[in-house]
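Right, one structure below, let's go through it.
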Number of protein chains: 4
Amino acid sequence: MPDETTMTMTLPDGTTTGPFTLDDLKAATGKLKGMKADPDFDAAATTAYRVTAAELRQFIERYERLEQDRAGVAEDMKEVMAEAKASGYDTKVLRKLIALRKKDPADVSEEEAILEVYKAALGMD
Amino acid sequence: MPDETTMTMTLPDGTTTGPFTLDDLKAATGKLKGMKADPDFDAAATTAYRVTAAELRQFIERYERLEQDRAGVAEDMKEVMAEAKASGYDTKVLRKLIALRKKDPADVSEEEAILEVYKAALGMD
Amino acid sequence: MPDETTMTMTLPDGTTTGPFTLDDLKAATGKLKGMKADPDFDAAATTAYRVTAAELRQFIERYERLEQDRAGVAEDMKEVMAEAKASGYDTKVLRKLIALRKKDPADVSEEEAILEVYKAALGMD
Amino acid sequence: MPDETTMTMTLPDGTTTGPFTLDDLKAATGKLKGMKADPDFDAAATTAYRVTAAELRQFIERYERLEQDRAGVAEDMKEVMAEAKASGYDTKVLRKLIALRKKDPADVSEEEAILEVYKAALGMD
DNA sequence: GCAAACTGTCCCGGGC
DNA sequence: GCCCGGGACAGTTTGC
């Protein structure tokens, strides 16, 4: 007597199939297998992009390596923020401050000034 | 003589297959077809989730309808901003102002105050 | 004897100020007050953008109204997903399916086909 | 005769002020200046978070340094993708492939299988 | 100037 | 109950 989670499917015509186990589903999902080449194909006349396994692998592995580096840096950034938080700083404000430092001060004060005008017009001052 | 974009593939073992046209590729991508039911399966002992076509379709169509509504509203929002811009307003500042109005004024002034302290500590004032 | 959270600030020159309460901080954050007009200013020669309180308010209130509409729609969308989940559907897959339906089927199958080639080249099949 | 961009403001009561130049606006935006300490404040009874300029600066500079590192890595990642694209690869598919490799293969095939069932139920196969 | 990619933020669902 | 990770969204920047 089976005792696992399964699915049944009612089709548009009202008939029901199943139940299927998850393994059934996985098995039924066909995969591209054994694509056969056509050696008689006249390659010379085509713009054939080479999909070279070695080359592809190179790109992907370089990229994945860089992703790891980036994750490591992101981890360090989280640690800095966690330390700051533990020291009593408000990390949300810290982030805002850091963002501010990246901007041109002139732009910042202009933006602030316009904002104040708008607030004044709305009676928010 | 073919004159279309194709791909060739060099496998890990050094052999090359292809060229494949895009249609080849599409044909090779197998699809789940004719999953057969097992009528002897003892459904009573399982937690069978019903995947009813009609029910599934209901959920999806309701959701898609709502997505359309949302897109319509987003479109209107863009129009309001475009009008405001045409009237000489700085939309970036407008957005900031609207965001401000959504927040609790007490939180805003507290955050601003802390920011000023941090800026002072860094000599940014 | 006070019993509230305060802040002290150590400045670059080594001196310490404070403690400040949050109310101190808020009070210290100056606001734009009483900007005085210059009635002799020759407005005719300038490209003066009118910041009319009524006009500004119109734009903002229209926008905020639309934001509310959008939030309502988003709420409905959440409800649909919650119902589907309660009926046994996998909401993550549902979202993927809905996204698929929005795309041109031809693009989807082309993309899938290329992906299969790449996977084959990497031995992931 | 002035010839610069200015703003005028019409207040809720119908009166108009201005015109203001951008410099006017900037000057009017008050800044926190000379916050005075209260030396008589009984610090002992409070939970005083120290905002030490040196400490704050440490956190921020560490963080900004890490941001630079991260930007450098991101730059490298962009270069890898650009190279791959120049070699004829479809970068969109490459990204998908890389994402796939990060996931547990079992989860992927389960998800795919469920998706196929849903598509079958909707007649999308 | 617009459209598309990327970053940062928010919010939700899941796990301890 | 809170923290954490992932997904969705808004904002920013850059290429065409």
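Numbers restart at 1 for each chain; the letters A, B, ... are given by sequence-line order, proteins then strands. These figures come from a predicted structure and were not determined experimentally.
Rounding to the nearest 0.5 Å gives a distance of 8.0 Å between CD of E112(C) and NZ of K96(D). Remark: L56(B) CG to L94(C) CG distance equals 6.5 Å, nearest 0.5 Å. Note that CZ of R65(B) is 11.5 Å distant from CD of E61(B), once rounded to the nearest 0.5 Å.
In this structure, NZ of K102(A) is placed 17 Å from P of dC6(E), rounded to the nearest angstrom. One can place CG of L100(A) at 13 Å from P of dT12(F), the figure rounded to the nearest angstrom. Per the geometry, CD belonging to E79(A) stands 13 Å off P belonging to dC4(F), to the nearest Å. One atom, NZ of K96(B), and another, P of dA10(F), lie 17 Å apart when rounded to the nearest Å. Put simply, CD on E111(D) is 9 Å from P on dG7(F), counting in whole angstrom units. The distance between atom CG of L66(D) and atom P of dG8(E), rounded to the nearest whole Å, is 13 Å. Protein atom CE of M81(A) is 18 Å distant from nucleotide atom C1' of dC3(F), rounded to whole Å. Summarising the geometry, the separation between NZ on K103(A) and C1' on dT7(E) is reported as 13 Å, rounded to the nearest angstrom.
Where K92(A) and A82(C) meet DNA chain E, the nucleotide closest to each residue was compared, and K92(A) sits on the side nearer the 5' end. Each of K78(A) and M77(C) lies near DNA chain F, and the nucleotide nearest K78(A) is the one positioned closer to the 5' end.
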Full working for side-chain contact (heavy atoms from CB on, under 4.5 Å) between E64(C) and E67(C): CA-CA 5 Å; E64(C) 286 175 342; E67(C) 275 188 331; 4.3 Å; yes

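For the OP1/OP2 pair of dG14(E) and a distance below 4.0 Å, the side-chain nitrogens and oxygens of K85(C) include at least one atom meeting the criterion.
If you check dG7(F), dG8(E), dA10(F) against the side chain of R70(C), the one that comes closest is dA10(F). The R95(A) side chain lies nearest to dT9(E) when the options are dT7(E), dT9(E), dG14(E).
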